[in-house]
Every structure is written in C-alpha cells, then in structure tokens.
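Below you'll find the structure, written out as structure tokens, and then a few comments.
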Amino acid sequence: MMSTIKLRASLCAPLLFFISSAAFSAEEMDYEPPSLFEKAFYDEGKLDLNTSLYIRHRAVKDPTTGKYGLGPAGIQNQTGNIALSYISGYYKDVIGFDFWGNANIKLGHTVGQSEILYYDYQCGQAGKFSPCEKSYMAVSVAALKLKLGEENANFKLAAGYTPINSGTIKSSWGLNPHAFRGFDGALTIDDLKLTYAWADRFKNDWSRDFKPMTTSWHQNNAAGLDNNGGTMKAGKIIDYIHTAGAIYNFGNTVLDLGYGEGKDYRRNWQAQVERNDTLSNDFSLRSKLFYQGARYNEKLSGISDPATEYYVGIGFNLSHHNTVWSLGYSQNYAPNTGDYNFRLTPWANSDKRDYQPTLSQLEDFNVSGARAVRLGVSYNFADFQLPELTLASAVTYGWHVVTDVSKTRGERQYDGKMTSMDFSARYLVADGPAKGLSFTLLPALLRTTDSNYKTDRNDVKFIVGYSMNVF
C-alpha cells in the first residue's frame, strides 16, 4: 500500500496511568487516503507480465508424390513471447488508459508464415519477393478510455490503438491482441447495449505497424517487388470500416445484432441468439444460432454483379458434471470467392464470428458451398483431483465443397469433401508458486477430396504460457 497510517502514542510509560480508557478509545489516528490519480492508475489498475513459448509444425501433402513435408503452406516455427499488459481504472471515475506492448522472438530456423512473427517480404536480393519471418517489438494497444454514468446506465468509449468489439467486428488474437486505429463506443441502459465503432488502420501479430486496410493479401507491403519475372501489385485502399450493434439480455437468452461496412468494398449484417438452460441438477444446455449475410461492392472488390451471400450455423453444448458434449452444423453460399468472407475487408481481421459451430484448428469450414457437421467432447479431470487438466477431441465432416475455386457461379461444381480431427490437452496451474503456468498441446489433421481449396495436412502446436500479476 502506498498510503500510510501513522499512530501516535506516548513514549512515557508512567503517563499511561493518568490516561483514562476513554482517552484510549479516542486515540488519535491520521489517515492519508490515496490520491484520485493513485487510486485509478495503481490501486484499481492491473499490470501483468505475460510470457509464452510457441512451437508449431505443419506438414502438407505433396499432390504429386503423396509425401508430407514443409512444402507450400507448410509451417515450422518456434517463437518466444514477452508482453506487458496494463489496464487502468478510471480517474475521477471518468478517464483511463490501456496498454499492451510485446516482443516476439524468433528461436532458430522457421519455415512458412506462422502468423506469429513479423513477416518481411524482402529478405533476399533487393527488389525481389523473398519473404521470411523475423523477431520484432511492437505496441498493439495504447488507448484512452472514457466512462460516463452509473453501472446500469453508462457510456463507454475507447479510442486510439484499441481492440474493437462492436456490431460485426471483434478483434482476434495471436500471441498478442490484434487491434485497430479508431474508436469503439457503447451505450448501456439496463439490459440493452448499443454500440458503434470506426477504424482506418489495423495491426496483427505478423506486422510491426498499424497499416491501411487494402484489397491485397500482403497489405501492400510487397507492392512493386519482382516475383519470378512478374510484379507484385498494390491493392486498393479501403478508407475505413465501421459498424453498429445492439445486444439485449433477456435473462437466459441474449440477442446480438450487427451491421457493418468496409467503405466501397463489402457490407455485412448478422444476428446471434444464445440461450442457456438448466435441464436438471446434473445437466445444462447452451444453444446458439448464428446468421450472417453479406454483399460485395463492385467498386473495390472487382466482383461484377455480386450476389448476396450468407453463412448460418447452429450448435449445442450439453454439460454434465465435468463433461461437455458439443454438436454443430453450418452451411454457406459464396458463389464468387473461394470461401465465405466474414470480414469487411479481405485480409484484416475485421469480423466478429464469436460462434462458428463447425470451426476446427485447420479449417473454418466456410469454404464456398460447404455444409458441415461437428461432434466434440471435452472432459475436466476434477473427479480425479486434477481440475487443472482438460482433454478434448472433435471430428468435423464437410460436404458440398467447391471443386475448383478458380471457377465462379454457374461454372462451379460442389463435389468436394473435407474431414478434420482435432485434439487438445490443457493444463493450468491454479495455485502455489507456479500459479499462472499453463501447457497446451493441439494436434490436428485435415483430409480433403475432390477439391483444390486445400491439400491434406497434419499439424501440431505446443504452447507454454506464464502470466504474473505485478500489481
């Protein structure tokens, strides 16, 4: 505690005989409360040190030899991460500040794009497209935040370099938060929340800076470079994205609505209904229904006469003691592109897909036309005095997958099939001197037939994390 308590007592023992008990009860005590600044940024603030070791290996099947190796789409990566996270309280219950700074450190030789390290597009001869991964340091979050009102009726705003969670946008994560240059605001009145957000730049885990959002996969970082005799083209800049949303909590049911636009590129709209039911003392059921519709704008997308697309999914999680069973189904319609795009941009993660019921580690099962079903189970070992350990597995099967992604609309056939299997083992130390230490193992595989969208692949990720609260 930075505040001090000063107790004044007599230093002369004989005088104690002349002091009444009433005088003792009225003993003088001076208390210096913390300043408002100290209260907001220290007493109510939170500073964490986060560290992690990330190891990944993805082997991809060569369609000519049938062997698995580190060919196109293969990944070999070892990365160390150190990050400082700070979340303040509110000075005078009005204004505060949030921060996240990190160093991602390349450990040894890496292959492919892991989406964890900085991706430099020019590592070889000057002017040549020769990408590689590198270590880097960056600030992902530096945002002022504002709060006005009381608990049940308030307005909150975060502005600067900030994550966004409004409407159809929600920032994703790598080892660090992905964030935007913009603002995110929310008005809450009892059980109703109205939100609006705007941004013109974006940063993910493989970029050091906040970049304009563009229609090129390399975000114009490789524009002008020679690529085997061709020239990497610059994409068109999407000036900004913005979105509005409304969330209403009915008690055991939550309705979440959103609408968003990427200027002159794409607009989308979505609805999610989540319901939680207690079936008995031993069983509970969580149900979710998710729908998103979208349409490209010909001006920046280059898609002529774009169709109205959709993605819909429904899923159920049945919990019984320490076991959770999950079942999900999804399908989409995206006749112009290789997959259904949840985003307002082609590459920046400007989307909010909290719930994809058939999501797997190696495939979102949003490939054009796909219909998919997923069955999963997870088990926590609390009954065996190991509540820190959770094991899980899932299998997802997709059909009606686009056969040739280079074709569009009526030229397409949908004869492809995909199967993924996911496994996970997670161990979190909950108390003792190693509290905050975690281990996560994530093996997965994907098999495809009659589709050129993706090739077969095997993948394993191992992550060791440790978080320590400084204050």
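Residues passing the ring pair (Phe, Tyr, Trp, His ring centres under 6.0 Å) test with Y248 are F250, sequence neighbours excluded. Take Y340 and apply the ring pair (Phe, Tyr, Trp, His ring centres under 6.0 Å) test, not counting sequence neighbours, and it matches F342. Under the ring pair (Phe, Tyr, Trp, His ring centres under 6.0 Å) criterion, Y397 pairs with W399, not counting sequence neighbours. Not counting sequence neighbours, F439 has no partner by the ring pair (Phe, Tyr, Trp, His ring centres under 6.0 Å) test. Residues that satisfy the side-chain hydrogen bond (donor to acceptor under 3.5 Å, both in side chains) test with E309, not counting sequence neighbours, are R266. Applying the salt bridge (Lys or Arg N to Asp or Glu O under 4.0 Å) test to E133 and every residue at least two apart in sequence or in another chain returns nothing. With sequence neighbours excluded, the residues satisfying salt bridge (Lys or Arg N to Asp or Glu O under 4.0 Å) with K46 are D48. Here A73 pairs with R58, V60, R457 under the side chain to side chain contact (heavy atoms under 4.5 Å, CB included) rule; sequence neighbours left out.
In this model, a donor atom of one side chain and an acceptor atom of the other lie less than 3.5 Å apart for E261 and Y259. In the model, W325 has no side-chain atom that pairs as donor or acceptor with a side-chain atom of N317 under 3.5 Å. Checking N165 against D184 by side-chain atom types alone, no donor-acceptor pair falls below 3.5 Å.
Here the side chains of T243 and S166 are in contact, with some heavy-atom distance below 4.5 Å. Residues T168 and L344 meet the side-chain proximity criterion, which asks for heavy atoms closer than 4.5 Å. Between R374 and S326 there is a side-chain heavy-atom pair separated by less than 4.5 Å.
Pairs engaging residues 63-97 under the disulfide (SG to SG under 2.5 Å) rule: none recorded [sequence neighbours left out]. Applying the side-chain hydrogen bond (donor to acceptor under 3.5 Å, both in side chains) definition to pairs two or more places apart or across chains, those involving residues 141-157 are D98-K145. Applying the disulfide (SG to SG under 2.5 Å) test to pairs two or more places apart or on separate chains, those with a residue in residues 121-193 are C123-C132.
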_For a side chain to side chain donor-acceptor pair (under 3.5 Å) check, start with the C-alpha distance between R447 and N458, then their side-chain angles and the critical distance, and finish with the verdict._
CA-CA 9 Å; R447 299 292 182 265; N458 302 326; 2.9 Å; yes
*Do F129 and Y121 pass the side chain to side chain contact (heavy atoms under 4.5 Å, CB included) test, and can you show the C-alpha distance, the side-chain angles, and the key distance before you say yes or no?*
CA-CA 6 Å; F129 177 68; Y121 297 85; 3.6 Å; yes
*Could you please spell out the steps behind the side chain to side chain donor-acceptor pair (under 3.5 Å) verdict for R426 and T390?*
CA-CA 5 Å; R426 305 176 191 273; T390 301; over 6 Å; no
*Dump the intermediate steps for side chain to side chain contact (heavy atoms under 4.5 Å, CB included) on I241 and I169, then the final yes or no.*
CA-CA 9 Å; I241 58 175; I169 300 176; 3.7 Å; yes
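The two residues R343 and W347 have their closest heavy-atom pair at NE-O, 3.9 Å. Counting all heavy atoms, side chain and backbone alike, P163 lies closest to S171 at CA-OG, 3.3 Å.
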Side-chain polar contacts of residues 83-94 - donor-acceptor pairs under 3.5 angstrom, sequence neighbours left out - could you list them?
from	atom 1	to	atom 2	distance (Å)
Y86	OH	F41	O	2.6
S88	OG	F97	N	2.8
S88	OG	F97	O	3.1

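Relative orientation of the Y265 and Y296 rings is perpendicular, given thresholds of 30° and 60° on the angle between their planes.
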